[in-house]
Amino acid sequence: MKNTIVVGAQWGDEGKGKLVDVLAEQSDLVVRFNGGGNAGHTVMHAGETYKFHYMPSGMLHDKICILGTGVVINPKDLLEEIESFTGSGHAPRLRISARAHVIFPHHQMIDAKGGGKIGTTGRGIGPTYSQKASRINLRILDIIADDAESRIKTALRDVKDMLIADQIFSQAEYQEYCNSVSTEYAAYGQEFKPFVTDTEDLVRVAGKNNETVLFEGAQGTLLDLNYGTYPFVTSSSTLAAAAFVGGGAIPGVPIRILGITKAYTTRVGEGPFPTELEGDAATNLREVGHEYGATTGRPRRVGHLDLYALRYAVRISGIQELAMTKIDTLALVSGVKACVGYKINGKEIDYFPADAPTLELVEPIYTDIEPVADLSKEEWVKLKGASKAQLPESIRNYIKFIEDFVEVPITILSHGPERNETIVF
Ligand code: GDP
Ligand code: IMO
Ligand code: MG
């Protein structure tokens, strides 16, 4: 099997965790390459639900699971996640990049104070990536070093004036924080030490040994820092290209780029959402689809399938195939349409607006869709291994309509949250 990059093709929460769990079975390594604890990836198997914020969603398969250089890590949260996972009887085969950046409590405090207008997850993601870009942040290799405490104190001195000026701490609080966090994080470093390595080299060697690598993106293409609905985006690159920079994928090695999309659209946090539903229709879709954030529990905003935005995501991320999730949810609601274009001031446009206020103004052009068949579990079981031609006509038509519009095939259909509720064409 070829190496695969899995990325979200909408605004996150498309079902990446579920699909990575499905695909991990045939992979040797699973690599997260961007984001941090803002991600919430759900895997359901044998009646158990797992919510991964850090650990790659291949953990259930006992594969080598890697947190690559592009990931930002809150050691406390990651350790808690490892503990809760180990407690459920699975030994983590986790490897962490020495070069990955560390999220400190002050990053979370800055995020809590300033992240409101974007509606961030409050996990300190933006402040950590911005201090990384400013070259004043610490990496995992710093907190596992013998002189970790002094490295942490020195790094904190670089941001002291800013933390006090921004009223994150008073002078006295800063001093106390400096002492306590340096001891605390140096201790986390010691716990991490066994997991830390040069993860890009693991990926390179795996390639030489003909092993299969699965790259797991976090968030979605429309939340990408460069190409998403800026400024209402996350602070990392969420495109497939980020797997090369943050996960060690090697340019030139054949790779399959799989985008994940829901059968409709959701978004958490602020920012433009042209096909957003309101009122009872929104409440109904949210409840039927259990659309509440896996990380923050916030109700997700829900809307019609935005094919125009999906096609943009496919093009910008180089997505070659799509997996579509939640066809079972779509079957239970009525009135969901497909958006096939945008108008501004009554005139159809032929580009995806880069400017958020402009995107707020667009008027979606909708087409009605035929209601898709609501199949029972037994009927889905009978379709295990089916080809597209064997699907009920309404589902086949929906798939064909999407494929024709976005110009890539749907190669996987997910009809429930469990691993086995999946048809691979
Ligand atoms: P991720 O962030 O992309 O991994 O997605 P999340 O885990 O945040 O959100 C996806 C939600 O949809 C989770 O609760 C999954 O268990 C659920 N899910 C995934 N695929 C399907 C599906 O085909 N049908 C249904 N009903 N739920 C699904
Ligand atoms: P997964 O990997 C959905 C959104 C936040 C906010 C914006 C910036 O589970 O798909 P951040 O905390 O990253 O600075 O927040 O991005 N966001 C997500 N939305 N799924 C996610 O991850 C998200 N990660 C961040 O809601 O709008
Ligand atoms: Mg999620």
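We count ligands from 1, going down the list as the structure has it; atoms in each ligand are counted the same way.
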Using only heavy-atom distances, determine whether the side chains of [X] and [Y] contain a donor-acceptor pair under 3.5 Å.
X      : Y      : answer
Thr238 : Gln219 : no
Thr234 : Asn38  : yes
Ser376 : Glu379 : yes
Glu370 : Ser394 : no
Asp77  : His53  : no
Ser97  : Thr69  : yes

Quick one: nearest non-hydrogen protein atom to [atom], plus distance?
atom                    : value
atom 26 (N) of ligand 1 : Asp328 OD2, 2.7 Å
atom 16 (O) of ligand 1 : Pro417 CB, 3.4 Å
atom 23 (O) of ligand 1 : Ser414 OG, 2.5 Å
atom 10 (O) of ligand 2 : Lys16 NZ, 2.6 Å
atom 19 (C) of ligand 1 : Lys18 CD, 4.1 Å
atom 4 (O) of ligand 1  : Gly17 N, 2.8 Å

Look at ligand 2 and say whether [X] reaches it with a heavy atom at a distance under 4.0 Å.
X      : result
Arg267 : no
Val233 : yes
Ala294 : no
Gln219 : yes
Arg298 : yes

Name the orientation class of the two ring planes belonging to [X] and [Y] (parallel below 30°, tilted from 30 to 60°, perpendicular beyond 60°).
X      : Y      : result
Tyr185 : Phe104 : parallel
Trp380 : His415 : parallel
Phe192 : Phe195 : perpendicular
Tyr312 : Phe352 : parallel

Structural part of Phe232 in contact with ligand 2, heavy atom criterion under 4.0 angstrom: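 Looking at Phe232 and ligand 2, no heavy atom falls under 4.0 Å.
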Does the N or O separation between [X] and ligand 2 drop below 3.5 Å for any pair?
X      : answer
Asn38  : yes
Thr121 : yes
Gly40  : yes
His41  : yes
Asp13  : yes

When you measure from [atom] to each heavy atom in [options], which option holds the nearest one?
atom                    : options                     : answer
atom 11 (C) of ligand 1 : His290, Lys326, Glu14       : Lys326
atom 10 (C) of ligand 1 : Val7, Asp13, Thr266, Val6   : Asp13
atom 6 (C) of ligand 2  : Gly269, Gly119, Gly17       : Gly119
atom 14 (O) of ligand 1 : Thr42, Ile412, Val268       : Thr42
atom 8 (O) of ligand 1  : Ser57, Ala331, Gly40, Gly12 : Gly40
atom 17 (N) of ligand 2 : Leu223, Val268, Thr296      : Leu223
atom 11 (P) of ligand 2 : Ile260, Thr234, Thr266      : Thr234

Measure across Ile168 and Glu173 and return the closest heavy-atom pair with its distance rounded to 0.1 Å.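 Closest approach of Ile168 to Glu173: O-OE1, 4.3 Å.
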*Would Arg300 count as a contact of ligand 1 if the rule is a heavy atom under 4.0 Å away?*
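Arg300 counts as a contact of ligand 1 under the 4.0 Å cut-off.
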Review point. How far apart are the C-alpha atoms of His304 and Tyr264, what are their side-chain angles, what is the distance that settles it, and do they pass the side-chain hydrogen bond (donor to acceptor under 3.5 Å, both in side chains) test?
Key: CA-CA 5 Å; His304 302 287; Tyr264 47 93; over 6 Å; no
(request) Using a strict 4.0 Å cut-off to heavy atoms of Trp11, name the atoms of ligand 2 that fall inside it. (result)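 Those of ligand 2 that fall under 4.0 Å from Trp11 are 3 (C), 19 (N).
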With heavy atoms of Ala218 as the reference, note each atom of ligand 2 found under 4.0 Å away.
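In order of numbering, the contacting atoms are 2 (O).
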Distance under 4.0 Å to a non-hydrogen atom of His41: what atoms of ligand 1 satisfy this?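 Answer for ligand 1: 1 (P), 2 (O), 4 (O), 7 (O).
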By number and element, which atoms of ligand 1 are closer than 4.0 Å to a non-hydrogen atom of Thr329?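 Under 4.0 Å from Thr329, ligand 1 has these atoms: 26 (N).
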Whether Arg298 engages the ring of Tyr292 as a cation-pi pair (distance to the six-membered ring centre under 6.0 angstrom, angle to the ring normal within 45°) should be assessed.
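Pair Arg298/Tyr292 does not count as cation-pi.
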Review point. Which of these passes salt bridge (charged side-chain N to carboxylate O under 4.0 Å, His left out) with Glu276: Arg286, Arg301, Arg300, Arg267?
Key: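 Going through the options one by one, the only one that passes is Arg301.
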| request: Check whether any side-chain heavy atom of Val213 lies under 4.5 Å from a side-chain heavy atom of Val31, and answer yes or no. | output: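 Val213 reaches Val31 side chain to side chain.
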- Indicate, as side chain, backbone, both or neither, the part of Glu421 found under 4.0 angstrom from ligand 1 when only non-hydrogen atoms are considered.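 It is neither; nothing of Glu421 touches ligand 1.
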Quiz prompt | N, O or S atom within Asp13 nearest to the Mg ion (ligand 3), by name | solution =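 Per the distance ranking, Asp13 contributes OD1 as its closest N/O/S atom to the Mg ion (ligand 3).
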* Would you call Lys63 and Glu25 a salt bridge, taking side-chain N to carboxylate O under 4.0 Å as the test? ->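 Salt bridge: no.
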message = How long is the straight-line distance from SG of Cys339 back to CG of Asp306, given to the nearest 0.5 Å?
response =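 Interatomic distance, Asp306 CG to Cys339 SG, rounded to 0.5 Å: 4.0 Å.
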